[in-house]
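All remarks here apply to the structure that follows.
All residue numbers refer to positions in the sequence shown, counting from 1. In listed order, ligands and their atoms are each counted from 1. Quick caveat, the model's predicted, so the values are computed rather than measured.
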Amino acid sequence: MSNGGHVWWEDAIVYEVYPRSFADADGDGVGDLPGLRSRLGYLADLGVDAVWLTPFYPSPLADGGYDVSDYRAVDPRLGTMADFDGLVKDAAAHQIRVIVDLVPNHCSSAHPLFRAALAAAPGSPERARFVFRGGPEYGHGPGGDQPPNNWESQFGGSAWTRVTDADGRPGQWYLHLYDSGQPDWDWRNPDVPALFQDVIRFWLDRGVAGLRVDVAHGIYKDPDLPDIEDLLPLNAPSPYRHLPELHQLYRTWRAILDSYPAEGFPGARTAIGEVWYDSPATLAPYLAPGGLPQVFNFQLILPGWSAAAYRDAIDSALALTSGSRAPWVIGNHDVPRPASRYRLDEGYTPQTIDHLIALGDQNAETGARRARAVALILLALPGSAYIYQGEELGLPEVTDIPAAARQDPRFRRTHGASPGRDGCRVPLPWARTGTGHGFSRTIGNGSPADPWLPQPADWGRYSVESQLADEHSFLHLYRAALRLRRDHPALGRGTLRWLGPDLCFARDPGFILAANLGPAPMPLPAHREILLASGPVTGGSLPPDTAVWLSA
Ligand code: GLC
């Protein structure tokens, strides 16, 4: 919706749906599009402006669907194209837009074009769409049997896999920055940008409001494929990150987006890039005019538990751009759940999951209290924000998934050394009791299958049913915050002004956010009334791990 002349995505609240874990309509224990469609009322009541669907395309699931074997279809286990069209239509009736995931860095090894490449000879046009190199006949390495360079897969092990030729002999190697089931496209081959232009138009023509661009920093590689020294920081110059060629490509995509004026105003379709970085300055070239409308701002995932760290995170992001072009997030399907992360005082690192497993059940109350406070910080910041499904329920990370049930390729490729990301992907609890806690609808008299990832025994207390019945629940806090955010003239896009040295900021007209991330009570800033509090507040002071919205 265009609000007073601005574009809808500048202050949108977007809800990330991991479709296989959101809601299951056919009772097979795997979430699907009809399940999501049947729960649109829940999302409308929550008050979100859009949903971002992670991949729902046909896939062998080597990486939870980020291994796409057909970019223009719906995985039959998740529904049909008619279900997708119905979803877009019903969502629009609830004023909810749909954003889909675009996975341009790699496809699935089951994609017909990769199969054709395997069937074709080295040096063929079919192989040239991917990054094939080396092999004994092509003379790489001292014995001709080394991978073409020392790059490692982001999930562990070499980034190269060797194919077997038709005669049974070892052949060339292909590059995969992720799992071996995810061969990287060669974006310097003109077939590849042409293919993706068609894919982008295909989904825009079906009425999607935007695209989330997977691995937006990585799809071009240095054609010399040089070795790298050790593990590079995320923002260091690298032969496979942040190459300047990306920006020309994104300008062509932007032109496509802008050629789809919806509802009579430009900029109606967005694309948001996933660009991982160590310092937000890395995002600067992605934010140049004419490129992607938006990139994720991961600053709020990173700080440890202190007001100074949060202020730095917020300031460093806002120094670069507004929260409209770089929406805020506190979690997604790749990082441990916030309500568990905040049990630790440290900021997020790849080791956080190991520290949480070592912590067991300790500090659960602290984590939950802090997650409620951070929700109020997140939703008071200027610009747009993304909420990952289950954050509104305060779901914890599930740390005790048995090895046999784990699905993440990171677990497999590190031989269990890293537990991987399954703990934040456990199917949502909708009901207090029953198989899957209401995740799956029962078909006929039968009982549904167990959810595809096991839920903890106490999942029912986090369920939507339990939380709707408890006015102090996470869900009620999120609903109240989103309602206020929609109605309050100071919230949404704009700017903020810090008040004093604490985590307190004002937004005009008449709004103050105050958060206490320290161990002692903090005096409340001067105000007229408390609009919303993340926990009990009595007298004139704010208890530790608590945030409030005030009118001034
Ligand atoms: C992105 C996705 C992640 C996936 C990876 C490879 O980081 O968010 O889930 O594993 O790309 O596609």
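When non-hydrogen atoms are compared, ligand 1 lies under 4.0 Å from neither the backbone nor the side chain of Y18. With a 4.0 Å heavy-atom cut-off, ligand 1 is reached by no atom of R410.
The atoms of ligand 1 that sit less than 4.0 Å from any heavy atom of H333 are 2 (C), 3 (C), 8 (O), 9 (O). Which parts of ligand 1 touch V215 is read off a 4.0 Å heavy-atom cut-off, strictly below it: atoms 11 (O). Proximity to R421 (heavy-atom distance under 4.0 Å) selects the following atoms of ligand 1: 3 (C), 4 (C), 9 (O), 10 (O). Less than 4.0 angstrom separates some heavy atom of H106 from each of these atoms of ligand 1: 6 (C), 12 (O). Ligand 1 places these atoms under 4.0 Å from at least one heavy atom of R425: 9 (O).
For atom 4 (C) of ligand 1, the nearest protein heavy atom (residue, atom name, distance) is D63 OD2, 3.4 Å. The protein non-hydrogen atom at the shortest distance from atom 7 (O) of ligand 1 is E274 OE2, 2.7 Å. Looking at atom 1 (C) of ligand 1, its nearest protein heavy atom turns out to be D214 OD1, 2.7 Å. Atom 8 (O) of ligand 1 has its closest protein heavy atom at D334 OD2, 2.5 Å.
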Could you check D24 against W452 for side chain to side chain donor-acceptor pair (under 3.5 Å), going step by step and ending with a plain yes or no?
CA-CA 10 Å; D24 165 28; W452 66 280; over 6 Å; no
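In terms of modelled atom types and a separation under 3.5 Å, the side chain of R325 and the main chain of L292 share a donor-acceptor contact.
No side-chain N or O of E391 forms a donor-acceptor pair with one of Y478 less than 3.5 Å apart. Side-chain contact check for S59 and D67: at least one donor-acceptor pair (N or O, by modelled atom type) lies under 3.5 Å.
Checking F202, F84, W203 one by one against Y57, the ring-ring contact (aromatic ring centres under 6.0 Å, His included) holds for a single residue, W203.
Checked against salt bridge (Lys or Arg N to Asp or Glu O under 4.0 Å), D49 has the following partners two or more places apart in sequence or in another chain: R486.
Residue P409 comes nearest to D63 through the heavy atom pair CG-OD1, 3.7 Å, listed as atom of the first residue, atom of the second, then distance. A62 approaches G181 most closely through the heavy-atom pair CB-CA, 4.4 Å.
For ligand 1, the polar-atom distance check against W276 finds no nitrogen or oxygen pair separated by under 3.5 Å.
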